[in-house]
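Comments concern the structure below.
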Amino acid sequence: MKWVYVEDIAAYKDQDVEIRGWVYNKTSMGKVRFILVRDGTGIIQATAFGKDEANPLFARFDALTQESSLIVRGRVREDKRAPGGYELSLAEIEIVQIAQEYPSSPKEHTTPFLMEHRHLWLRSRKQHAVLQVRAEVIRAIRNFFDDRGFRLMDTPILTPSACEGTTTLFETKYFDQAAYLSQSGQLYNEATAAAFGKVYCFGPAFRAEKSKTRRHLIEFWMVEPEVAFADLDDTIALGTDLILFIIERVLSRRRADLEALERDTKPLEAVAGPFPRYTYDDIVPKLQEKGSAMKYGDDFGAPEETILSGLSADPVLITHFPAAIKAFYMQPDAARPDLALGVDFMAPEGYGEIIGGGQRIHDLELLERRIRESNLPREAYQWYIDLRKYGSCPHSGFGLGVERVVSWMCGIKHIRETIPFPRLLYRIYP
RNA sequence: UCCCCGGUAGCUCAAUAGGCAGAGCGGUUGGCUGUUAACCAAUAGGUUGGCGGUUCGAGUCCGUCCCGGGGAGCCA
C-alpha cells in the first residue's frame, strides 16, 4: 500500500493508502471512533465503525494515547464533515510506539510551560504554521539573491576580535586564545564583495546583550547582502525589492498557515513601495510632535519605534543618522560629515527595525581615523583596512533579521515563536 | 541592570480576615453511531518553589534565595 502524506491526500481520493504519523487526538462514541492523525504535513481524521471486540483494530484503537506513533491504512474518502474535506476509513492500525502520558493537552497552557516543552510544542498547529512561514521566508530570501546573481559567501561564526563593543559579544576559548561568536558577517562580506561583486551571507548572529523584550533573541538569523560599487540609494532599492518579494511569496504560498494563525492579511497586501523615506533630521521633530521625549542625537527607543510603525502601511525608512550613534565603518554624507549614510527599515504594525544597513567607508585614511576614534585595536582590523588599500570602492549592504520578518508576516506578538529553539535571556533549555 | 507580577495535583486555576488544600481538563474504568478542546458516570492523583522566622496554628504574614512572566534600558 502506498505511503502518502496528508498534504497530498486529495490526489488519492477513493484509493487505499498508508499514512505514518502520530495521534493528535482521538475520541470514541461507542460504535464510532475517530483518530486525528498528524503526519507533519497536515492532520487527517481516520474513522472506524462497529463494535466487534474480536477485531484487533478496536483493541489497538483503545490502546492509543495522545502522540503515540502509528501507521494507519485505509481508503481516502471525501467527506464534508471532515476538516480539510477528506478522511480515512480505517482498515488497519499498526502501532509503532505507545506514547507515555503526554505532558500537554490540547487545552490552554502558560508561556513558561510551553517554553519548557518547546520540543513538543513544535507539534501544535500554530507553532507548525509559524515555522512553515519561517521556512518559506528563508526560501524566498535565498531565491531572491540567488536569482539576482548574488553569491552566497558563508562568513565565520568564530571570530578573533571584537567587531563592536566586547560587552555584547560571547567570548569562548579558541585553543590558547580568546574568540568571539559573530554578531554579523558584514566585515567579511566586504572582503568577499570585493572578490565577487555581489554577495550575501546567511547565518546565526549572537548578542550577549541582556535584552529582555519581545523583539530580541540572543541567537538570531540574519541575511546580509553586500554590493561593491553600490551606494545608499542602491541598497535601499535592494532592501525594498527583497521585502516586497518575501511578502508576495508568503501570501501566495502560505495562505493556509496565515489563516491558521488568524493573521489578517490585508496589512501585508497593502504593502506596495516605494517606502516612505525620512532623514533623521526630518523625523525627530515629527516624533517630538507626536509625543516622543527623545532629543536630537538620541537613538530611537521603544516609543519612537511605535510611532514610526504607525506612520504608514509600508515600512518607513530613516536615513542620515548622526554618525556619533552609528557604527565606526559608516560612510559620512559628503555635504554633512556629521551624518552617516545609513538606513533603517521600520516595519509597520509595531514590528520594529527589520533592516539596518548603509554605505561603508571606502577611504583608507578616514577608516583609520574612525578606528582610532572608536578606540578599536588596529591590529585586529588590519585585514579590513587592507580592503581600502587594494582597489577600494564605494560599497553598501544591509542586514535583515529573519525572526522579526517572520513575526511580522505571522502577526505574532513575541519573536520567540519564530525559531524552533529560541535562545532568550533567561532560557537556553531545551 | 532597574520596575511590576507570579510559583498550589501532569496542565489551567480556586482556597473570606491566618483555621480540615478544592474544581475543570488530562490519566484510569465503564457507557454512548459523527466527534473536532465531545458528552455522561465513577475513580486515582498534593513535600502549596527552597531555606529561615512570627504564631496555639502559615498556601496565606515577614526575611532571604531560586525559577519564570510583563515592561524599561541596552541593542551593526
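No hydrogens, no waters, no symmetry mates; every other heavy atom, side chains included, goes into these values. Each chain gets a letter, A, B and so on, in the order the sequences are listed, and its residues count up from 1.
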Given pairs defined as Watson-Crick or G-U wobble with both distances under 3.5 Å, what dot-bracket annotation applies to RNA chain B, with ( ) intrastrand, [ ] crossing, | other strand and . unpaired?
-> (((((((..((((.....[..)))).(((((.......))))).....(((((..]....))))))))))))....

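If you check distances only, the side chain of A:S211 never reaches the base of B:C75 with a donor-acceptor pair under 3.5 Å. Put simply, the side chain of A:H109 and the base of B:C11 share no donor and acceptor less than 3.5 Å apart. Put simply, the side chain of A:E87 and the base of B:G34 share a donor and an acceptor less than 3.5 Å apart.
The A:L425 side chain lies nearest to B:U1 when the options are B:G69, B:C75, B:U1. If you check B:G27, B:A38, B:G34 against the side chain of A:F49, the one that comes closest is B:G34. Considering only the side chain of A:T65, B:U28 comes nearest among B:C74, B:A38, B:U28. Residue A:V32 places its side chain closer to B:U33 than to any other of B:U36, B:U33, B:C32. When the nucleotides B:C75, B:G69, B:G34 are ranked by their closest atom to the side chain of A:Y426, B:G69 comes out on top. Out of B:U36, B:C75, B:G70, the shortest distance to the side chain of A:R81 is found at B:U36. Distance from the side chain of A:T110 is smallest to B:U12 among B:C75, B:U12, B:G73. In this structure, the nucleotide among B:U36, B:A38, B:A72 sitting nearest to the side chain of A:K212 is B:A72.
Using a 4.0 Å cutoff on non-hydrogen atoms, the parts of residues 111-118 of chain A near RNA chain B are A:P112, A:F113, ordered by number.
Checked against side chain to side chain donor-acceptor pair (under 3.5 Å), A:R142 has no partners two or more places apart in sequence or in another chain. For A:D299, the salt bridge (charged side-chain N to carboxylate O under 4.0 Å, His left out) criterion is met by no residue, not counting sequence neighbours.
Between A:H109 and A:F113, the two ring planes are parallel [angle under 30°; tilted spans 30° to 60°].
In this structure, A:R388 is positioned above the aromatic face of A:Y384, its NZ or CZ under 6.0 Å from the six-membered ring centre and within 45° of the axis.
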Given A:E289 and A:K286, is the salt bridge (charged side-chain N to carboxylate O under 4.0 Å, His left out) satisfied, shown in steps?
-> CA-CA 5 Å; A:E289 249 170 61; A:K286 209 175 171 73; 6.0 Å; no

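Among the heavy atoms of the strands lying under 4.0 Å from A:F34 is at least one base atom, whether or not backbone atoms are also near.
Legend: ring pair (Phe, Tyr, Trp, His ring centres under 6.0 Å) pairs involving residues 193-215 of chain A, not counting sequence neighbours, sorted by first then second residue: A:F145-A:Y200.
The distance from atom CG of A:L367 to atom CD1 of A:I361, rounded to the nearest 0.5 Å, is 5.5 Å.
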Side-chain donor-acceptor contacts of residues 28-37 of chain A below 3.5 Å, not counting sequence neighbours, with atom names and distances?
from  : atom 1 : to    : atom 2 : distance (Å)
A:S28 : OG     : A:G30 : N      : 3.4
A:R33 : NH1    : A:D62 : OD1    : 3.3

